[in-house]
Amino acid sequence: MAKIVILTGAGISAESGIRTFRASDGLWEEHRIEDVATPEGFVQDPELVHRFYNARRAAATAAQPNPAHIALAELEADPGHEVLIVTQNVDDLHERGGSQNVLHMHGTLFGALCHSCEHRWPAPEVMSPTDSCPSCSAQATRPDIVWFGEMPYRMEEIWHALRAADLFVSIGTSGNVYPAAGFVADAMHAGVPTLELNLEPSAGRSMFDEARHGPASVLVPQWVRERLG
Ligand code: NAD
């Protein structure tokens, strides 16, 4: 049984029509990251932040999984492979592509979080700053998204899986956002072979044992076919 940990980023959903975050100019869908993806931005303008994530949620709901998402689900279904997808994406295209073992380290557009009592519940289609927490009634509702400066979810579990893996694969991620960008180094230090599948060489390219560059919808199904013989 080959244990494979797969890190995915915005690039795997790009061909489903969901735009990536452009590290070069720090903009995400024409917004400054500081304004829409930090706790300070939320305090400054909660209306704007909710509007931003309501739009991302609507776009993710309208999008469909592409051949890369579907190929990873096929790999997971194979009895010879134990696959864990660690995604930085906040969309649900892995799940809708058929993957079951998916860990959302940066949270999800489909969750709501009370920043007063930390209760979590399924996000309605449209959230607003005046929504009350179903548990404590505080008007402190935020999207269940890990913002810059906050600790990503389930890190111990991820590091444990990385160290125990037979292969680490990174798909569609620029290698600029930590701690995910450090997984290749963690795998390398644990003696785990590493593979990058990305449109272009990522910031961490030199650390990968092997790298293939091109669109995920082509590279990922190709690689999965090789694995499945
Ligand atoms: P990123 O936007 O920084 O990098 C995306 C990478 O994907 C780039 O290296 C790019 O060359 C590559 N890429 C673009 N199109 C591709 C394709 N068709 N096939 C293969 N690779 C392709 O993304 P990141 O590293 O994931 O970091 C962005 C942060 O922003 C994450 O924390 C994430 O939570 C958030 N984000 C999420 C989504 C989403 O959920 N779909 C979308 C945008 C941003």
Side-chain angles (χ1 to χ4, degrees), residues 6-39 41 49 52-72 85-97 99 102-111 123 143-155 158 169-184 195-208 211-224:
I6 301 174
L7 172 69
T8 63
I12 198 169
S13 295
E15 289 163 90
S16 293
I18 300 181
R19 282 162 68 184
T20 60
F21 157 61
R22 287 170 299 159
S24 51
D25 54 14
L27 294 181
W28 185 2
E29 296 278 353
E30 320 307 336
H31 288 274
R32 295 186 332 139
I33 286 299
E34 297 81 355
D35 295 339
V36 295
T38 62
V49 173
F52 177 79
Y53 289 99
N54 288 341
R56 305 284 72 71
R57 189 177 306 108
T61 303
Q64 295 302 324
N66 69 53
H69 299 105
I70 292 165
L72 293 185
I85 295 176
V86 176
T87 189
Q88 300 167 87
N89 293 346
V90 293
D91 64 51
D92 60 348
L93 294 180
H94 283 303
E95 287 88 344
R96 287 201 278 130
S99 291
V102 184
L103 191 159
H104 282 269
M105 64 180 289
H106 289 169
T108 161
L109 289 167
F110 300 94
D144 192 6
I145 302 278
V146 177
W147 286 324
F148 287 91
E150 297 181 322
M151 179 56 90
Y153 296 147
R154 298 168 69 179
M155 289 307 300
I158 296 170
V169 186
S170 174
I171 304 174
T173 175
S174 59
N176 287 313
V177 180
Y178 281 84
F183 291 169
V184 60
L195 167 67
E196 164 166 290
L197 303 176
N198 202 46
L199 192 59
E200 58 196 1
S202 72
R205 160 65 188 101
S206 61
M207 275 182 282
F208 285 89
R212 303 179 188 181
H213 298 125
S217 68
V218 174
L219 293 186
V220 178
Q222 213 167 52
W223 170 71
V224 167

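Just so it is clear, the structure is predicted and the values come from calculations on it, not from any experiment. Every number for a ligand or one of its atoms is a count from 1 in the order of the listing.
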ask   = Given side chains that start at C-beta, do those of Q88 and V177 come closer than 4.5 Å, heavy atoms only?
value = yes
key: Stepwise side-chain contact (heavy atoms from CB on, under 4.5 Å) test for T173 and T8   = CA-CA 6 Å; T173 175; T8 63; over 6 Å; no
Mode of I18 contact toward ligand 1 - side chain, backbone, both, neither (heavy atoms, under 4.0 Å) = side chain
query = For ligand 1, does A14 get within less than 4.0 Å through its side chain, its backbone, both, or neither, judged by non-hydrogen atoms?
reply = side chain
inquiry  = Can you tell me how the ring of H94 sits relative to the ring of H69, calling it parallel under 30°, perpendicular over 60° and tilted otherwise?
reply    = perpendicular
Side chain, backbone, both or neither: the part of V177 lying under 4.0 Å from ligand 1 by heavy atom = side chain
inquiry  = Out of all atoms in ligand 1, which are within 4.0 Å of some heavy atom of E200? Include the element for each.
reply    = 9 (O), 10 (C), 11 (O)
query = Any non-hydrogen atom of P215 lying under 4.0 Å from ligand 1?
reply = yes
message = Less than 4.5 Å apart, side chain to side chain, heavy atoms only: is that true for L72 and I12?
response = yes
query = Can you find a heavy atom in the side chain of Y153 that is under 4.5 Å from one in the side chain of T108?
reply = no
request  = Check each of G172, A68, G214 against atom 6 (C) of ligand 1 and report the one with the nearest heavy atom.
outcome  = G172
request  = From the options Q88, E15, H106, H104, select the one whose nearest heavy atom is closest to atom 32 (O) of ligand 1.
outcome  = H106
ask   = With a 4.5 Å heavy-atom cut-off, do Y53 and V90 have their side chains touching?
value = no
query = If you measure from the Lys or Arg side-chain nitrogens to the Asp or Glu carboxylate oxygens, is any gap between R205 and E196 under 4.0 Å?
reply = no
ask   = Should Q64 and S16 count as side-chain neighbours, where that means a heavy-atom distance under 4.5 Å?
value = no
Nitrogen or oxygen of G9 less than 3.5 angstrom from that of ligand 1 = no
ask   = Would you say R19 and ligand 1 have an N/O pair spaced under 3.5 Å apart?
value = no
message = Using a 4.0 Å cut-off to any heavy atom of D91, which atoms of ligand 1 qualify?
response = 39 (C), 40 (O), 41 (N)
task = Check ligand 1 against V90 and write out every atom of the ligand that is under 4.0 Å from a heavy-atom position of the residue.
result = 39 (C), 40 (O)
